[in-house]
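Worksheet: the structure to be examined is printed underneath.
Along the sequence shown, residues are numbered consecutively beginning with 1. Counting starts at 1 for both ligands and their atoms, following the listed order.
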Amino acid sequence: MSQDAKESTVTAAPADAGTGDALENLLHENRKFAPSEEFAANAVVGAGDYAEAAQDRPAFWAKQARELLTWSKDFDQALDWSNPPFAKWFVGGEINAAYNALDRHVENGLGDRVAIHFEGEPGDTRSYSYAELTEEVKKAANAFESLGVAKGDRVAVYLPMIPEAVITLLACARIGAVHSVVFGGFSADALRSRIDDAEAKLVVTADGTFRRGKPSALKPAVDEALAKEGHTVENVVVVKRNGESVNWVEGRDKWWDETVGTASTEHTAVGHDSEHPLFILYTSGTTGKPKGILHTTGGYLTQGAYTHKAVFDLHPETDVFWCTADVGWVTGHSYVAYAPLINGATQVMYEGTPDSPHQGRWWEIVEKYKVSILYTAPTAIRTFMKWGKDIPAKYDLSSIRVLGSVGEPINPEAWMWYREVIGGNGGKKDTPAPIVDTWWQTETGAQMIAPLPGVTATKPGSAQVPLPGIAVDVVDELGESVPDGHGGYLVVREPWPSMLRGIWGDPERFKDTYWSRFEAMYFAGDGAKKDEDGDIWLLGRVDDVMNVSGHRLSTTEIESALVSHPSVAEAAVVGAADETTGQAVVAFVILRGDAANNGDETVQELRNHVGKEIGPIAKPKHVLVVPELPKTRSGKIMRRLLKDVAEGREVGDATTLSDPTIMQQIAESLRK
Ligand code: WT7
């Protein structure tokens, strides 16, 4: 295994929570980068916020809510925590998310400021001013209402990274409809199960998008998802994006241009209750069935706006913000669709992949729009490292002044490369841009742990400190706070404004999943360590959840997909350390007695089967056909041992196996 791969094992592997002697030695980091005097002097948020929030947490958040947002009706109480774990924030307040993201900026004379610079994959571009985006959202709101969508109804969104995605989300928020975005890379089956779970009335999609210069379809997946009767969908609105021909269901399907395009630009936004549901977003858990994470309005917007301002040191008059996440993920919700617009910022939105039509595409975009704040994932940074620093060196990256990272632990090598090559404009800058590594989750709604770039001396590889007003801790098995220098489980001790309000339709699962492991604490599912400075290092999931390219996948869900194939008798899936994607899906399968093993062909078929069941992102990188799986005497699969095999390590302690020779048999069958 290469040096790099070893590094990513260190940072991406699940924590040996509580013990972690090996970790003690591995996570020493002496490099620290204090903010420059100039940066600190001009920072929008200083150290004072920590002290203020510590004084009175709800009061701190109430102040942010009133400063950053415009309420149609002021709230009476910052936090109601009388019925934990069900929190209510900004009780009695009324607010409209779309009005806050759009209309009020226009009313405040900022109508001409660019809200979105859109860069299409084929090179087409569109810019929307705040006034124009407001108009589009009003039209979409009218169009959705005319299709019978009312406050509280659910709308499924299956769109590529185009402005219509943001317009759709804000139009839903405007009328109080609850959006449920399904990532365009998910399959028809995955889309259908999410439509059913949320009982969506409307689907908004596109004919397709472009991938690496070629049209790529989306509408057929919607047609397939809705082919079987028994769903709740009344209409499908279709954006014309790639111009490919599509099947059409008369009465059900409506072109965006003919509905939204022709709708009135007059629409008054009314305030919705602070706790009115804003959206559902499905994420993988430890069991097969994805969870519909529910977020509500006032608290979500408050923490999104505050973190976007504080963590990225946002100066909305001059900054150009670019978050590279797809709206299909929570990062694209909070830091593309909502917070940047709430804060009146100018942002870039890009439809395609980083290598299309060439490996310098991102840097070309940074140069073109003078991007000053870039927010992306470690997997992308590691990919750029592989491509080499000569590619970004061809572009002027001097506009960049803050760099963000999210989605998985960023290994110190990638952190340093990001700092020097991107933040330092390839060494041409005296003081490279600060990096903020931001830890959070779909469930937390907004950033929770991150440095403040004008305050914190940053440290390669560590997300470091809880944000002001956020009570994160690392605890041992018994829920006791661990001393500095020790590892354990990451928890949140106090409610926070953008916390999930539940799992759609399943309050029991909400309590079980997050609030039962430790008394009166939110359990995030991550292992973590406090170093000798008290800085927090994230060590990966401690449950059966994998993190592939910053996306969450459940081992159980992929195992279920595999065993649904007629040739598979049994399957075990592990996340193995991967140099580029952090973790990669590796599947071990036992074929049925009557199923032929056609080598590569079988492997390919099983990979495609998972792609069809869940989506291409879930396709195993490797499928290994084995004669047996390692199990304990009680029948539990020992994934730890399979992970050793998948990562090319010597297999660990196998004494609790019901048949101790199994690992040898597996190794032998893999050698063949
Ligand atoms: C899981 C949440 C938050 C948006 C993207 C992922 C991991 C996320 C970091 C980070 C180490 C991180 C955690 C977390 N994670 N950010 N900066 N350092 N790990 O959202 O799909 O809900 O996944 O991603 O394991 O639990 P998500």
### Carboxylate-amine/guanidinium proximity below 4.0 Å for Lys459 and Asp437
no

### Query
Mind checking whether Trp515 and Phe510 have parallel, tilted or perpendicular rings, split at 30° and 60°?
perpendicular

### Pairing residues for Glu351 by the salt bridge (charged side-chain N to carboxylate O under 4.0 Å, His left out) criterion, not counting sequence neighbours
Arg241

#### Entry: Proximal protein residues to ligand 1, non-hydrogen atoms under 4.0 angstrom
Val330, Thr331, Val406, Gly407, Glu408, Pro409, Asp437, Thr438, Trp439, Trp440, Gln441, Thr442, Asp526, Leu538, Arg541, Asn547, Gly550, Arg552

### Query
Judged by modelled atom types alone, do Asp197 and Trp504 share a side-chain donor-acceptor pair under 3.5 Å?
no

### Message
Taking side-chain hydrogen bond (donor to acceptor under 3.5 Å, both in side chains) as the criterion, tell me which of Thr438, Thr331, Thr324 meets it with Tyr375.
### Response
Thr438

### Query
Mind checking whether His308 and Phe321 have ring centres under 6.0 Å apart?
yes

